[in-house]
2 protein chains.
Amino acid sequence: MEKYKQILVDRGIKPTYQRIKILEYLDKNHSHPTVDMIYGALYKKVPTLSKTTVYNTLDIFREYDLVDVLTITESEIRYEYVLQPHHHFFCKRCGKILDLDVNCVYQEAMCVEGHKIEAIHGYFKGICSECLLKNENVS
Amino acid sequence: MEKYKQILVDRGIKPTYQRIKILEYLDKNHSHPTVDMIYGALYKKVPTLSKTTVYNTLDIFREYDLVDVLTITESEIRYEYVLQPHHHFFCKRCGKILDLDVNCVYQEAMCVEGHKIEAIHGYFKGICSECLLKNENVS
DNA sequence: TTCTAAATTAGAAACTATTCCTAATTCGGT
DNA sequence: ACCGAATTAGGAATAGTTTCTAATTTAGAA
């Protein structure tokens, strides 16, 4: 609790209860949650919480580079607490999003083909190792 | 017209007028259009066209690997006629999506960290060269 | 060419993620 | 404790997409 409050204060973000709880959730759950997942997990503990607040909070976290936004799936936006730059794997079977310890040649580059790079997203899609194992048992 | 009809027939897709027109549009416009862009461009020439048909058609084209889906922007899906594998650049200023002649070390790989790869998406975001030039004149 | 069954299309309605709006609440400094 | 400013909650609005159903079109058989 204090840890997350401190992180917010250090960045100059007012440490409201809702923001602290959302930040804590993101730090403890590396599942690249959607707004619904965050809301669903927290509204029991923070009964007055509204989805608007989750949206507002994530917008602020984005602005202050506390979270990254993933557009790896087609229907909703996913969020993750900013760590080292890394790529992602989306499993078409179970829907999980996994962090990959893979990085891009351009990670440190300032530009590609004359365009100024501000962010890089590497999305791999397919079947995750866990689902591949399950598949073996079936077929 | 005949060219696109042939492409559809070759793949085993019934070459309806709407499908031919949508395929032609995708081939001639490498702007990674949204459904709205496709609909907006075609409904003048194909007055009875409905958005549902655009959605249906793109779903079929996807199924038959005629188009790729891009989730590079946050609010809508974009489509492109399948060409060589390549990465994309999204300009935060003008909103354009550009093809990059950049490819990934994993492009030919079957898997990463035990996960089976079926598709790779490389999205770069920042300011495109054209906008950078405009900026120079301003500041 | 005509007929028929199956596939496709159009348009409206439904759905869902996100944004917008406004009043009530909370926050931090005084 | 008080006050102005920031934040929050919740409902309404919006936009992209999907679903539903009837009408139309298609391709193949007669």
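The side chain of A:Gln18 contributes no N or O atom lying less than 4.0 Å from OP1 or OP2 of C:dT26. Taking only side-chain nitrogens and oxygens, A:Thr53 never comes nearer than 4.0 Å to OP1 or OP2 of D:dT8.
A:Ile22 has its side chain within reach of A:Val54: a pair of non-hydrogen atoms, C-beta onward, lies under 4.5 Å apart. Between B:Phe61 and B:Leu8 the shortest side-chain heavy-atom distance falls below 4.5 Å. For the pair B:Thr71/B:Tyr123, a side-chain contact is recorded, criterion being any heavy-atom separation below 4.5 Å from C-beta on. Looking only at side-chain heavy atoms (C-beta outward), A:Arg62 and A:Leu58 stay at 4.5 Å or farther from each other. Annotation: side chain of A:Thr73 is not in contact with side chain of A:Thr34 (no heavy-atom distance under 4.5 Å). The closest side-chain heavy-atom distance from B:Lys5 to B:Leu23 is not below 4.5 Å.
Taking atom CG of residue A:Leu58 and atom C1' of nucleotide D:dT7, one finds them 15 Å apart after rounding to whole Å. One atom, CG of B:Leu8, and another, C1' of C:dA7, lie 15 Å apart when rounded to the nearest Å. Summarising the geometry, the separation between CD on B:Glu76 and P on D:dT17 is reported as 7 Å, rounded to the nearest angstrom. Rounded to an integer number of Å, the gap from A:Ile13 CD1 to C:dG28 C1' is 17 Å. One atom, CZ of A:Arg62, and another, P of C:dT18, lie 10 Å apart when rounded to the nearest Å.
Across its full length, the helix from C:dT1-D:dA30 to C:dT30-D:dA1 shows an angle of 30° between the axes of its 5 terminal pairs at either end, rounded to 10 degrees.
When each of B:Arg19 and A:Ser75 is assigned the nucleotide of DNA chain C bearing its nearest heavy atom, the one mapping closer to the 5' terminus is B:Arg19. Between A:Leu49 and B:Arg78, the one whose closest nucleotide on DNA chain D sits nearer the 5' end is A:Leu49.
Checking each of B:Thr52, B:Leu49, B:Val46 against B:Tyr39 for a side chain to side chain contact (heavy atoms under 4.5 Å, CB included) leaves exactly one that passes, namely B:Leu49. Between B:Glu80 and the options B:Leu70, B:Asn29, B:Leu26, B:Val69, a side chain to side chain contact (heavy atoms under 4.5 Å, CB included) holds for only B:Leu70.
Formation of a donor-acceptor pair under 3.5 Å by the B:His115 side chain with backbone atoms of A:Ser129 is found in this model.
Of all heavy-atom pairs spanning A:Gln107 and A:Pro85, the tightest one is NE2-CB, 3.5 Å.
For A:His88 and A:Asp99, the side-chain atoms include at least one donor-acceptor pair closer than 3.5 Å.
Sorted by residue number, the members of residues 31-42 of chain B with any non-hydrogen atom under 4.0 Å from DNA chain D read B:Asp36.
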Checklist entry - What is the per-nucleotide protein-contact pattern of nucleotides 18-27 of chain D, from the 5' end, where B denotes a base atom under 4.0 Å from a protein heavy atom, S denotes such proximity for sugar-phosphate atoms only, and - denotes neither? => result BB-------S
